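Counting convention: from 1, in listed order, for ligands and their atoms alike. When reading the values below, keep in mind they use all heavy atoms of this one structure, side chains included, and skip hydrogens, waters and symmetry mates. These numbers come from a predicted model, not from an experiment.
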Amino acid sequence: MPSHVKHTNGPGETEAAGAELAGRLTPGDVVLVSGELGSGKTTFVRGACRALGVEGPVTSPTFTIGQVLGDSPEIAHLDLYRLGSLAGEDPALLEDYLTPDRVGFIEWPAAAEPELERVAARVTLEHEGGDRRRITVA
Ligand code: ADP
Ligand code: MG
């Protein structure tokens, strides 16, 4: 996927960017979503999930590393902020969520990245002051 940069001026525009990417995804794809706290990772994933048919709330999982949303396709939404490292974890931890028939989104993906075989896109969000964000999709 060629690298693509855009600037958004509010959460709605970031959701729209997520929706645009979602249109290019197929089951088995995994999208890595990086950026500081509050940069809009979950907002981006929410827009993608809406475009993929998820109707309920899309928030970062709190008590687990991930959650499964929607159906046809199911969406695996992971947030590895608290995980630190996969060392010492069950090797099946990621596979339990990231199955070939799901589209996956991973916030704070650093720990998982070495394990992943099929990364469809890498999304990076950066604060640009106020409600402005810079989004790179590569
Ligand atoms: P993260 O998952 O990266 O911690 P969230 O998506 O949970 O970030 O939160 C982003 C916060 O910033 C939300 O409160 C959202 O309303 C706000 N916000 C303001 N402007 C934008 C923008 N351009 N894109 C995304 N979020 C924005
Ligand atoms: Mg988040």
Please state which protein non-hydrogen atom is closest to [atom] and give its distance, to 0.1 Å?
atom	value
atom 23 (N) of ligand 1	D131 O, 2.7 Å
atom 13 (C) of ligand 1	T43 OG1, 4.3 Å
atom 11 (C) of ligand 1	G38 O, 3.9 Å

Next item on the list: Assess E107: does it contribute an N, O or S atom lying under 2.8 Å from the Mg ion (ligand 2)?
Entry: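 Given the 2.8 Å cut-off, E107 counts as a ligand of the Mg ion (ligand 2).
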Notebook entry, point to check: Do any N/O/S atoms of T59 come under 2.8 Å of the Mg ion (ligand 2)?
Noted result: no
Next item on the list: Evaluate the criterion side-chain contact (heavy atoms from CB on, under 4.5 Å) for residue pair L116 and L98; output intermediate values, then yes/no.
Entry: CA-CA 9 Å; L116 299 171; L98 302 171; 3.6 Å; yes
When you measure from [atom] to each heavy atom in [options], which option holds the nearest one?
atom	options	result
atom 22 (C) of ligand 1	G35, G10, G40	G10
atom 21 (C) of ligand 1	G47, P11, G130	P11
atom 1 (P) of ligand 1	H7, R133, K41	K41

Is there a path of hydrophobic side-chain contacts, each under 4.5 Å between heavy atoms, that joins [X] and [Y]?
X	Y	value
L86	L32	yes
V54	L78	no
V119	V45	no
Y97	V123	no

Notebook entry, point to check: Under 4.0 Å from atom 7 (O) of ligand 1, is there any protein heavy atom?
Noted result: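 So atom 7 (O) of ligand 1 has protein heavy-atom neighbours under 4.0 Å.
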Margin query: Just to be sure I read this right, does ligand 1 sit under 4.0 Å from the backbone of E107, its side chain, both, or neither, counting only heavy atoms?
Written below: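 Side chain only; the backbone of E107 stays clear of ligand 1.
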Check: Heavy atom under 4.0 Å from ligand 1: found in T14's side chain, backbone, both, or neither?
Finding: side chain
Notebook entry, point to check: Are S60 and T42 close enough that a side-chain donor and a side-chain acceptor fall under 3.5 Å?
Noted result: yes
Checklist line | Residue pair T8 / T14, side-chain donor-acceptor N/O under 3.5 Å | finding: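 Judged by distance alone, the side chains do pair up.
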Checklist line | Contacting atoms of ligand 1, where contact means under 4.0 angstrom from a heavy atom of L37 | finding: 4 (O)
Item checked: Atom indices of ligand 1 within 4.0 angstrom of E36 heavy atoms, with elements -> 3 (O)
Check: Among the heavy atoms of S39, does any lie under 4.0 Å from an atom of ligand 1?
Finding: yes
Margin query: I'd like to know if the side chain of H77 reaches the main chain of C49, judged simply by a donor and an acceptor atom lying under 3.5 Å from each other, with no hydrogens or angles considered.
Written below: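 Not a single qualifying donor-acceptor pair exists.
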Notebook entry, point to check: Please walk me through it: do E13 and H7 pass side chain to side chain donor-acceptor pair (under 3.5 Å)?
Noted result: CA-CA 9 Å; E13 289 181 26; H7 301 268; over 6 Å; no
